[in-house]
Amino acid sequence: MDGTTTPVDGSAAGSIQDGPLPADPLLLLRAWLPDDDDPARPVATLATVDSAGLPDARAVLLSSARDGVLTFHTDGRSRKAAQLRAHPTAALVLAWPERARQLVVRGSVVASSGAEERRAYARRSRHLQLLAWLNSDALAQQERATREAEWERFDRAHDELAPPETWVGFVLQPTELLLWEGSVAGPSRRAHYRLQQGTWRLEVRAG
């Protein structure tokens with residue numbers, strides 16, 4: 001991170017600026033991330049690898065952070081879904097500039113359960129629920145007036161929506177976490193956790 005963020009005073013919950021850091025980084029994850037019931041889901045940058053071995057990235061909503069894993073959902077026809085099925089590893093990056101914090105999580109990826117897919121869809125806003133049904137390449141190629149008319153028609157015709165068959169979820173199982181935090185009174189600091197043979201190893205590094 002650079003100096004474009006506003007450092008914090010180190011007193012916020014889960015601060016890594018002082019005190020002994022926990023052996024289990026998942027304790028810090030719970031302090032840094034909102035509860036799953038919070039309707040304001042955090043936006044994360046998802047990094048994947050394409051068929052040529054080149055990196056790819058885009059923004060996704062983080063659906064859930066519990067039981068030691070991070071879950072996100074998307075259209076199963078999307079580029080990122082194809083990349084994750086072909087190369088089931090990924091990284092998620094979340095940033096809170098107003099708190100001078102950044103979190104990087106790397107690990108392996110597996111498909112989420114159907115129950116989790118339904119829970120995540122139910123927590124989405126009405127707009128995002130509609131988008132999951134209507135965001136197709138075929139509709140995108142139509143004129144704006146046609147797209148908006150189809151959106152309005154579909155919205156009026158469906159009081160409640162279940163997730164479409166194209167709605168899929170992925171679970172990131174962390175093997176590495178990097179937590180960065182700035183400070184108003186001194187240098188920034190990083191806590192770098194790596195999972196080795198079932199045990200988290202911590203290295204404290206300069207920011």
Side-chain angles (χ1 to χ4, degrees), residues 1-36 38 41-50 53-73 80 83-113 116 169-207:
M1 295 288 287
D2 57 25
T4 60
T5 57
T6 301
V8 295
D9 61 10
S11 62
S15 175
I16 63 170
Q17 280 293 332
D18 55 15
L21 298 181
D24 186 352
L26 302 182
L27 297 174
L28 292 171
L29 277 187
R30 285 196 286 271
W32 284 35
L33 295 171
D35 293 335
D36 287 352
D38 188 333
R41 304 310 306 151
V43 176
T45 299
L46 169 68
T48 56
V49 177
D50 70 11
L54 295 174
D56 202 352
R58 77 289 285 158
V60 297
L61 288 181
L62 186 67
S63 298
S64 176
R66 59 193 174 118
D67 300 328
V69 299
L70 305 180
T71 305
F72 55 94
H73 292 78
K80 56 184 170 294
Q83 291 169 354
L84 289 168
R85 285 190 288 263
H87 303 280
T89 58
L92 284 171
V93 182
L94 294 101
W96 298 267
E98 73 283 359
R99 303 186 72 178
R101 283 181 174 179
Q102 179 176 264
L103 168 67
V104 182
V105 184
R106 302 172 69 195
S108 58
V109 175
V110 298
S112 72
S113 68
E116 179 60 33
F170 295 94
V171 179
L172 177 62
Q173 302 170 313
T175 57
E176 187 174 350
L177 295 98
L178 182 65
L179 300 97
W180 175 95
E181 186 175 63
S183 171
V184 295
S188 55
R189 195 183 199 204
R190 287 186 289 172
H192 193 182
Y193 289 87
R194 290 187 180 93
L195 188 61
Q196 298 176 348
Q197 298 179 338
T199 301
W200 287 105
R201 308 294 183 186
L202 168 63
E203 181 182 6
V204 176
R205 304 173 64 183

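One is the number of the first residue; the rest follow in order along the sequence. What's counted below: heavy atoms across the whole structure, side chains too, no hydrogens, waters or symmetry copies.
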At their closest point, which heavy atom of [X] faces which heavy atom of [Y], and how far apart are they?
X: T71; Y: S112; result: CG2-CB, 4.2 Å
X: T175; Y: G107; result: OG1-CA, 3.5 Å
X: Q83; Y: D56; result: NE2-OD2, 3.1 Å
X: A191; Y: L202; result: CB-CD1, 4.0 Å
X: A31; Y: G14; result: CB-CA, 3.8 Å
X: S63; Y: H73; result: OG-ND1, 2.8 Å

Are the side chains of [Y] and [X] in contact, using a 4.5 Å heavy-atom criterion?
X: S15; Y: R99; result: no
X: P25; Y: W32; result: no
X: V69; Y: L172; result: no
X: L28; Y: P22; result: yes
X: T48; Y: R58; result: yes

Before giving the answer on side-chain contact (heavy atoms from CB on, under 4.5 Å), spell out for L61 and V43 the whole-Å C-alpha distance, their side-chain angles and the decisive distance to 0.1 Å.
-> CA-CA 5 Å; L61 288 181; V43 176; 3.7 Å; yes

Kindly state each residue pair satisfying salt bridge (charged side-chain N to carboxylate O under 4.0 Å, His left out) with at least one member in residues 59-69, sequence neighbours excluded.
-> D36-R66, R66-E116

Salt bridge (Lys or Arg N to Asp or Glu O under 4.0 Å) evaluation trace for E181 with R189 = CA-CA 6 Å; E181 186 175 63; R189 195 183 199 204; over 6 Å; no

Over 12 non-hydrogen atoms of neighbours within 6.0 angstrom of CZ in R190 = yes

D38, CG atom: more than 12 neighbouring heavy atoms under 6.0 Å | yes

Please round to the nearest 0.5 Å and tell me the distance separating atom [atom1] of [X] and atom [atom2] of [Y].
X: L92; Y: L103; atom1: CG; atom2: CG; answer: 8.5 Å
X: L179; Y: L94; atom1: CG; atom2: CG; answer: 10.5 Å
X: D50; Y: K80; atom1: CG; atom2: NZ; answer: 14.5 Å
X: W200; Y: L27; atom1: CH2; atom2: CG; answer: 11.5 Å
X: S108; Y: L84; atom1: OG; atom2: CG; answer: 11.5 Å
X: E176; Y: R201; atom1: CD; atom2: CZ; answer: 14.5 Å

L46: which of L62, V93, V60 passes side chain to side chain contact (heavy atoms under 4.5 Å, CB included) |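 Result: among L62, V93, V60, V60 is the only option passing the side chain to side chain contact (heavy atoms under 4.5 Å, CB included) with L46.
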
If only atom types and distance count, is the side chain of W180 paired as donor or acceptor with the main-chain N or O of S188 below 3.5 Å?
->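 Looks like no, no N/O pair under 3.5 Å.
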
